[in-house]
Amino acid sequence: MSKTSPIPPGPLADQVGGKHYKGLAIQPAEYCQRNRLPYCESSVIRYVTRHREKNGRQDIEKAIHCLKILLEIEYPTEDRS
């Protein structure tokens with residue numbers, strides 16, 4: 001018994017430039033949109049989800065960079081030295 005239903009034809013079933021999201025139960029884009037995640041959070045989801053299938057360490061570094069940006073924007077510190 002399958003845990004997920006097949007994705008019907010359309011943009012979510014297609015992937016331009018690779019196959020790193022094809023085997024997922026839900027596309028990161030759909031997850032982020034349905035949960036109304038802003039850019040930084042969405043980027044983290046995307047990079048962490050694909051790192052094993054696409055850019056490895058670089059994708060994890062990108063996710064960490066996005067988290068640092070999020071910290072700076074959402075939780076700024078008084079002392080930036």
Side-chain angles (χ1 to χ4, degrees):
M1 181 177 199
S2 175
K3 292 182 182 179
T4 61
S5 57
I7 298 172
L12 290 173
D14 298 334
Q15 183 173 336
V16 177
K19 58 181 180 168
H20 43 277
Y21 299 130
K22 291 297 278 185
L24 300 176
I26 185 170
Q27 294 271 347
E30 182 180 6
Y31 174 83
C32 294
Q33 280 295 118
R34 290 183 183 269
N35 289 286
R36 297 187 173 142
L37 296 179
Y39 179 78
C40 287
E41 289 95 326
S42 296
S43 294
V44 170
I45 297 293
R46 187 176 78 239
Y47 291 133
V48 169
T49 300
R50 75 181 196 191
H51 78 94
R52 286 187 185 91
E53 300 294 325
K54 192 167 182 198
N55 296 322
R57 180 183 181 94
Q58 184 183 47
D59 278 339
I60 297 298
E61 290 170 346
K62 287 178 179 181
I64 291 167
H65 179 71
C66 289
L67 288 169
K68 288 178 179 178
I69 291 170
L70 181 62
L71 273 173
E72 185 174 311
I73 292 170
E74 295 288 329
Y75 305 99
T77 58
E78 296 288 325
D79 182 18
R80 295 207 182 244
S81 55

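Because the structure is a prediction, the values reported are computed rather than measured.
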Which distance, rounded to the nearest 0.5 Å, do you find between the CD of Gln33 and the CG of Asn35?
10.0 Å
If I take atom CZ from residue Arg46 and atom NZ from residue Lys54, how far apart are they, to the nearest 0.5 angstrom?
8.5 Å
Partners passing salt bridge (charged side-chain N to carboxylate O under 4.0 Å, His left out) against Arg36 (at least two apart in sequence or in another chain)
none
With sequence neighbours left out, write down each residue that passes salt bridge (charged side-chain N to carboxylate O under 4.0 Å, His left out) with Glu61, or none if nothing qualifies.
Arg57
With clusters defined by side-chain heavy atoms of hydrophobic residues (ILVMFWY) lying less than 4.5 Å apart, directly or transitively, does Leu67 cluster with Ile45?
no
Decide yes or no on side chain to side chain contact (heavy atoms under 4.5 Å, CB included) for Ile69 and His65, but give the supporting numbers first.
CA-CA 6 Å; Ile69 291 170; His65 179 71; 3.4 Å; yes
Which atom of Val44 lies closest to which atom of Ala63, heavy atoms considered
CG2-O, 3.6 Å
If the condition is side-chain contact (heavy atoms from CB on, under 4.5 Å), which residues does Gln58 pass it with, not counting sequence neighbours?
Asn55, Lys62
Heavy-atom closest contact (Tyr47 atom, Cys66 atom, distance)
CE1-SG, 3.9 Å
